[in-house]
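All values below were derived from every heavy atom in this structure, side-chain atoms included, with hydrogens, water molecules and symmetry-related copies excluded. Counting from 1, the numbers follow the sequence of the chain as shown. Atoms within a ligand are numbered from 1 in the order they appear, just like the ligands themselves.
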Amino acid sequence: MIRTVAVIGAGVAGPAAVLSLAAAGLKVRWFAPPPAPTHDPVGETLSPAANPMLAELGLADAITAAGHRPSHTTLSSWGSPQLLDRNAILHLEGPGLVLDRRRFEADLRRAAEKVAERVVDARLAEAHPAQGAWHLSAATGETLDADALIDASGRGTAIARRHGERNRADRLMAVHAFLDQRDADVEPTPAVLIEAVETGWWYAALRPDGSLSVAYFTDPDLLVETPTRDVGVWKALIDGTRYVGRWIDDAGFDPDTAPTLSSAGTTWLAPPAGRVEGAPWMAVGDSAAAFDPLSSHGMTTALWAGARAGPVLSAALDGDDDALDAYARSVSDGVQAFLDQRRRMYAMERRFAGAPFWRRRHNVTPPDLAERAQDK
Ligand SMILES: Cc1cc2nc3c(=O)[nH]c(=O)nc-3n(C[C@H](O)[C@H](O)[C@H](O)COP(=O)(O)OP(=O)(O)OC[C@H]3O[C@@H](n4cnc5c(N)ncnc54)[C@H](O)[C@@H]3O)c2cc1C
């Protein structure tokens, strides 16, 4: 009998899971609400560590398509007021790609749609485990059943948060905007720029379409005024930088673009997989573990976890739970390795050691890292 698995979410981890499950001979029922016309996801730096995962999923073409650009230059002012070429800080395996992320996600979606048994164009509203199966209903009222469930719904962890405990290491948030170029005569440098400031750090990347992705990462209590309501506040924050502001000015980008806010903290689910009422489930991607974007590894981890879905759930559906346990251990080991890496990265910046943002990241003891999320 062919077993069925429901997948929730059509970001990066969701399509990866669909492809992996189909390759393992499982039938996939995919809750994949189409992206809004305005959908323009932030986070475009793809680590080269993603390449083997893309190849394993048959998606190698997704990064050779026109529209993405190699990320040869990463400049950073981190630990020093000078702007240095420091690829090694962020890309331990060398340079990666700056993606046209909308196109990348659309390519993943197209590949996954071809192999899913059924694609539900709506959000999942409810999921009830009973007698070894999942009973699911979409926001449109449509219902269906599945033998196992994958939660790839991103940081919101729509379903799995009821079955695992959410932990967080910090409350980092991103203030983010895409800036268009006002002055078309200037050829902007194709670079990624990282700049540490007293209250957090900045990221700016020239996107393949010529716009500039700009994000300021800080803690919510350090944001005195809300920049989403007042573009003047956003421009004042930019003016407080030494290099990001200069890049925006020199290349003629338009800072009069109201930014959006999003969570960017390090959070994880424990355990990220298991059984409930006898029915197997797995969280993959940000739903299992979401990392401080300083790592630039979120999409890579999402692809890795999605690619585990097929082998892990086909074993679980054969009654062998060792693969579920091994997956849970790998996620947990990955979180610990990331927390060590995060500590080392923040420790490289000592200029603002007395400031709350940096103090919180320098003086971390293991119990602080396991602070329970208040929003479970
Ligand atoms: C500011 C910022 C910058 C970043 N920069 C980078 C970067 O440069 N490089 C990098 O690799 N990573 C970066 N990341 C991280 C990266 O974006 C994520 O790790 C990655 O998107 C995770 O993919 P995902 O599929 O798990 O989740 P998502 O991409 O969030 O996808 C989840 C999907 O599930 C859908 N969904 C939610 N609930 C439901 C439901 N009930 N039913 C159906 N669907 C649902 C959502 O609509 C969404 O489409 C950044 C993150 C942030 C916040």
Side-chain angles (χ1 to χ4, degrees), residues 6-18 29-36 39-50 53 71 74 90-91 96-99 101-102 104-106 108-109 112 119-127 136-140 142 149-161 172-178 192 194 200-205 207 213-218 259-269 272 282-306 309 331 338:
V7 176
I8 322 302
V12 177
V18 171
R29 298 176 173 171
W30 189 22
F31 287 83
H39 178 70
D40 199 359
V42 58
E44 41 283 300
T45 306
L46 185 70
S47 159
M53 262 77 82
S71 171
T74 299
L90 294 171
H91 305 295
L97 280 182
V98 177
L99 293 176
R101 176 114 180 225
R102 239 185 322 199
F104 180 64
E105 290 192 10
L108 301 193
R109 184 186 178 102
V119 180
V120 179
D121 282 347
R123 292 174 74 80
L124 177 86
E126 286 296 335
L136 309 158
S137 41
T140 48
E142 191 175 343
L149 178 131
I150 300 265
D151 184 336
S153 65
R155 284 176 174 269
T157 316
I159 303 303
R161 65 192 300 160
L172 189 72
M173 61 180 289
V175 184
H176 171 265
F178 297 125
V192 173
I194 309 293
W201 56 276
W202 288 76
Y203 160 94
R207 299 207 297 172
S213 176
V214 180
Y216 167 49
F217 294 90
T218 189
T260 54
L261 300 185
S262 55
S263 316
T266 298
T267 60
W268 66 98
L269 201 66
M282 268 174 91
V284 296
D286 279 6
S287 172
F291 300 120
D292 178 331
L294 189 56
S295 71
S296 287
H297 269 65
M299 285 186 279
T300 304
T301 310
L303 290 165
W304 169 82
V331 173
F338 173 72

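Partners of Tyr216 by ring pair (Phe, Tyr, Trp, His ring centres under 6.0 Å), not counting sequence neighbours, listed by chain and number: Trp202. Among residues two or more places apart in sequence or in another chain, the side chain to side chain donor-acceptor pair (under 3.5 Å) test is passed with Arg29 by Glu117.
Geometrically, ligand 1 and Ser263 share no nitrogen or oxygen pair separated by less than 3.5 Å. For the pair Ser287 and ligand 1, the shortest N or O to N or O distance does not fall below 3.5 Å.
Of the options Pro33, Ser71, Ala17, the smallest heavy-atom separation from atom 44 (N) of ligand 1 is shown by Pro33. With atom 23 (O) of ligand 1 as the reference point, the heavy atom nearest to it among Ala302, Gly156, Ala50, Ala152 is part of Ala302. Of the candidates Ala158, Ala174, Pro15, it is Ala174 that places a heavy atom closest to atom 1 (C) of ligand 1. If you check each of Ala205, Gly285, Gly9 against atom 34 (O) of ligand 1, the one with the closest non-hydrogen atom is Gly9. Of the candidates Ile8, Ile159, Thr301, Thr300, it is Ile8 that places a heavy atom closest to atom 40 (C) of ligand 1. Distances from atom 15 (C) of ligand 1 to the heavy atoms of Ser262, Gly298, Gly96 show the closest one on Gly298.
Closer than 4.0 Å to atom 46 (C) of ligand 1 lies none of the heavy atoms of the protein.
Residue, atom and distance of the protein heavy atom nearest to atom 21 (O) of ligand 1 are Arg101 NH2, 2.7 Å. At the shortest separation from atom 13 (C) of ligand 1 among protein heavy atoms lies Gly43 CA, 4.2 Å.
Of the heavy atoms in His176, none comes closer than 4.0 Å to ligand 1.
The pair Glu105-Arg109 does not meet the salt-bridge criterion, since no charged nitrogen lies less than 4.0 angstrom from a carboxylate oxygen.
Close contacts of ligand 1 with Gly11, meaning ligand atoms under 4.0 Å from a residue heavy atom, involve 25 (O), 29 (O), 31 (O), 33 (C), 49 (O).
Residues Glu142 and Ser137 have side chains that never bring a donor and an acceptor to within less than 3.5 angstrom of each other.
To the nearest 0.5 angstrom, Ser287 atom OG is 10.5 Å from Met282 atom CE.
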